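Naming: A, B, ... by sequence-line order, numbering from 1 per chain. Hydrogens, waters and symmetry mates play no part in the numbers below; they use all other heavy atoms, side chains included. For clarity, every value in this text was computed on a predicted model and none was experimentally measured.
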There are 2 protein chains.
Amino acid sequence: MTEKPIDNTTRLRLLKKAEILFAEKGFHAVGVREITKAAKCNLAAVNYHFGGKMNLYLEVFRSRWVPRARRIRHSFEEALQGQESPFIDDVVGALAHAFLEGPLTDEERRCHSQLMYRELANPTGALDLLAENVMQPFFMKLRNLLRPHLPEAIGDDRLLLGIISIIAMVIHFNFSREAVSRLTGRTYDPAFKARLVEHITEFSLKGLGGMNQQEQQP
Amino acid sequence: MTEKPIDNTTRLRLLKKAEILFAEKGFHAVGVREITKAAKCNLAAVNYHFGGKMNLYLEVFRSRWVPRARRIRHSFEEALQGQESPFIDDVVGALAHAFLEGPLTDEERRCHSQLMYRELANPTGALDLLAENVMQPFFMKLRNLLRPHLPEAIGDDRLLLGIISIIAMVIHFNFSREAVSRLTGRTYDPAFKARLVEHITEFSLKGLGGMNQQEQQP
DNA sequence: GTCTATAGCAGGATAGAC
DNA sequence: GTCTATCCTGCTATAGAC
């Protein structure tokens with residue numbers, strides 16, 4: 001599966017270019033010829049290094065997507081560092097920031113959410129990997145962070161729907177950039193992204209509980 | 001473009017089956033052979049009736065997707081019938097209902113949102129059609145309905161982001177059913193869909209303004 | 001490890017009989 | 001309008017030289 005960590009060689013170039021192309025066009029719309037040409041290597045390299053196009057695709061998720069998801073999660077957790085039981089708005093703000101501004105370059109971010117959404121749309125086996133190792137734990141983490149600050153009247157199921165809704169917004173604003181730009185007339189420059197983070201934070205905060213966080217401290 | 005309205009023939013069968021397959025697998029992942037086989041007609045029929053696979057795809061949007069979008073919109077507007085200036089919660093409730101329960105069968109609904117989201121992800125030319133003729137007008141309609149009930153402090157841009165967020169939720173809960181089921185442990189039965197409508201309505205209502213609509217009537 | 005060359009097959013499109 | 005047969009181009013995968 002994973003070879004030596006130090007190789008800036010064909011294998012790595014292939015993974016890099018393949019990821020971009022898969023994200024842009026989807027698995028079926030990209031050909032091996034296209035990938036190898038972009039990676040400036042030979043057609044046969046995909047089969048030599050990965051044993052086929054599908055395995056290359058899966059390896060993109062394993063060796064590039066998952067680590068990037070970890071970086072996002074770390075960014076999220078660092079923003080809350082030191083606070084054992086952060087306020088709701090801190091949690092939601094950190095979440096929106098991590099996904100929309102966060103540690104990734106804009107290109108990486110786009111790539112990341114496109115790949116994920118394509119996989120959600122068209123599960124090919126990589127979804128199991130993502131759901132179990134990345135999404136599920138993250139959702140549980142969020143639930144545990146938010147739970148103590150919400151009224152008990154809000155059941156766990158309701159909270160979970162709230163969290164899914166927040167993620168839905170984050171994904172949508174990242175993924176459907178073209179449509180969002182078309183509707184708002186704005187491009188994804190830093191100012192607009194900051195605006196989006198602000199919006200998502202505010203909207204979700206109100207949506208979740210509708211009350212000010214300070215009022216609920218015991 | 002559009003032929004006689006009465007033909008339950010090859011042409012119509014092709015459109016029906018093609019839509020389902022395109023929705024399930026995406027444009028590139030479906031072959032013409034697969035479509036014609038499903039429609040129980042000959043391979044050459046696609047080229048004869050539509051002049052190619054891509055034109056068939058576009059015609060699916062023109063003759064099936066757009067009319068269905070109209071039905072959703074009518075369902076939304078009927079739910080508000082008679083009220084010249086409905087309350088926010090009525091608007092949001094009608095919206096969530098129209099998309100998640102609404103006039104479509106569950107199969108149609110799935111098909112509909114899958115097609116849309118695939119097109120958002122991978123614009124092929126059909127997006128222009130959708131954005132200009134369906135989405136843009138609908139968003140404007142929503143904005144006009146919601147505006148009079150919100151404080152003036154909420155600018156048009158903020159309102160627009162709110163509307164996009166609501167749509168994002170609706171789409172997500174329709175589109176990523178597999179992931180949602182996995183996380184919540186629930187299937188999309190009528191009870192769960194009703195629960196989702198309730199959730200989206202509540203979450204959006206709070207998210208939009210955070211205040212009870214009755215308080216803002218002049 | 002990387003290349004060239006090619007096998008083997010599936011894709012969309014088309015010509016022409018009926 | 002619908003069929004069969006076929007073209008041609010694209011694909012993935014592999015064999016074997018270097």
Side-chain angles (χ1 to χ4, degrees), chain A residues 1-63 118-119 122 124-126, chain B residues 1-63 115 118-119 122-126:
Chain A
M1 299 287 162
T2 42
E3 326 263 282
K4 299 159 198 163
I6 337 122
D7 56 340
N8 191 352
T9 48
T10 309
R11 183 188 160 86
L12 198 67
R13 288 204 314 280
L14 273 172
L15 282 168
K16 279 186 176 177
K17 294 298 185 181
E19 178 178 37
I20 295 170
L21 289 167
F22 282 141
E24 273 176 4
K25 306 182 165 191
F27 180 77
H28 294 283
V30 187
V32 173
R33 280 172 172 77
E34 196 176 353
I35 298 171
T36 51
K37 196 175 158 191
K40 294 191 209 305
C41 69
N42 190 268
L43 174 62
V46 164
N47 277 289
Y48 175 76
H49 284 284
F50 304 97
K53 184 188 174 187
M54 178 53 84
N55 279 332
L56 168 58
Y57 180 73
L58 292 175
E59 189 59 27
V60 162
F61 275 91
R62 276 193 286 265
S63 73
R118 288 193 190 283
E119 191 54 29
N122 225 351
T124 57
Chain B
M1 299 288 161
T2 43
E3 324 264 281
K4 299 159 197 164
I6 338 123
D7 55 340
N8 191 350
T9 49
T10 309
R11 183 189 160 85
L12 198 66
R13 286 204 316 278
L14 273 173
L15 282 169
K16 279 185 177 178
K17 294 297 185 180
E19 178 179 36
I20 294 170
L21 289 168
F22 283 143
E24 274 176 2
K25 306 182 165 193
F27 181 77
H28 294 284
V30 188
V32 173
R33 281 170 173 82
E34 195 177 354
I35 298 170
T36 51
K37 197 176 159 191
K40 294 192 209 304
C41 70
N42 191 268
L43 173 63
V46 165
N47 277 290
Y48 175 75
H49 284 283
F50 304 97
K53 182 187 173 186
M54 178 54 83
N55 279 333
L56 168 58
Y57 179 74
L58 292 176
E59 189 58 29
V60 162
F61 276 92
R62 274 192 288 264
S63 73
L115 273 178
R118 287 193 190 283
E119 190 55 29
N122 224 351
T124 58

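- In plain terms, the two heavy atoms of B:L14 and B:C41 that are nearest each other are CD2-SG, 3.8 Å.
- The side chain of A:T10 places no N or O atom within less than 4.0 Å of a non-bridging phosphate oxygen (OP1 or OP2) of C:dG1.
- Here the P atom of nucleotide C:dA13 and the OH atom of B:Y57 are 15 Å apart, to the nearest Å.
- Looking at B:R33, its side chain comes within 3.5 Å of the base of C:dG12 through a donor and an acceptor atom.
- Nearest approach of B:T124 to B:E119, heavy atoms of both residues: N-OE2, 2.7 Å.
- One interatomic measurement links the two molecules: NE2 of B:H28 to P of D:dT12, which rounds to 13 Å at whole-angstrom precision.
- Rounding to the nearest 0.5 angstrom, the gap separating the NZ atom in A:K17 from the CG atom in A:L56 is 14.0 Å.
- Taking atom CG of A:L43 as the reference point, atom P of D:dT12 lies 8 Å away to the nearest angstrom.
- As rounded to whole Å, 13 Å separates atom P of D:dC3 from atom NZ of B:K40.
- Residue order along DNA chain D, read from the 5' end via each residue's closest nucleotide, puts A:E34 first among A:E34 and A:N42.
- If you measure from atom CG of A:L21 to atom C1' of D:dC11, you get 16 Å, rounded to the nearest angstrom.
- In this structure, of C:dT2, C:dC3, D:dG1, it is C:dC3 that holds the atom nearest to the side chain of A:C41.
- Across all strands, A:A44 comes closer than 4.0 Å to base atoms (heavy-atom distances).
- Rounded to an integer number of Å, the gap from CZ of B:F50 to C1' of C:dT14 is 18 Å.
- Taking atom NE2 on B:H49 and atom C1' on C:dA13, their separation rounds to 15 Å, with Å as the unit.
- Salt bridge present: B:R62 and B:E59 bring a charged side-chain N and a carboxylate O closer than 4.0 Å.
- As a whole-Å value, the separation of A:N47 CG from C:dT4 P is 16 Å.
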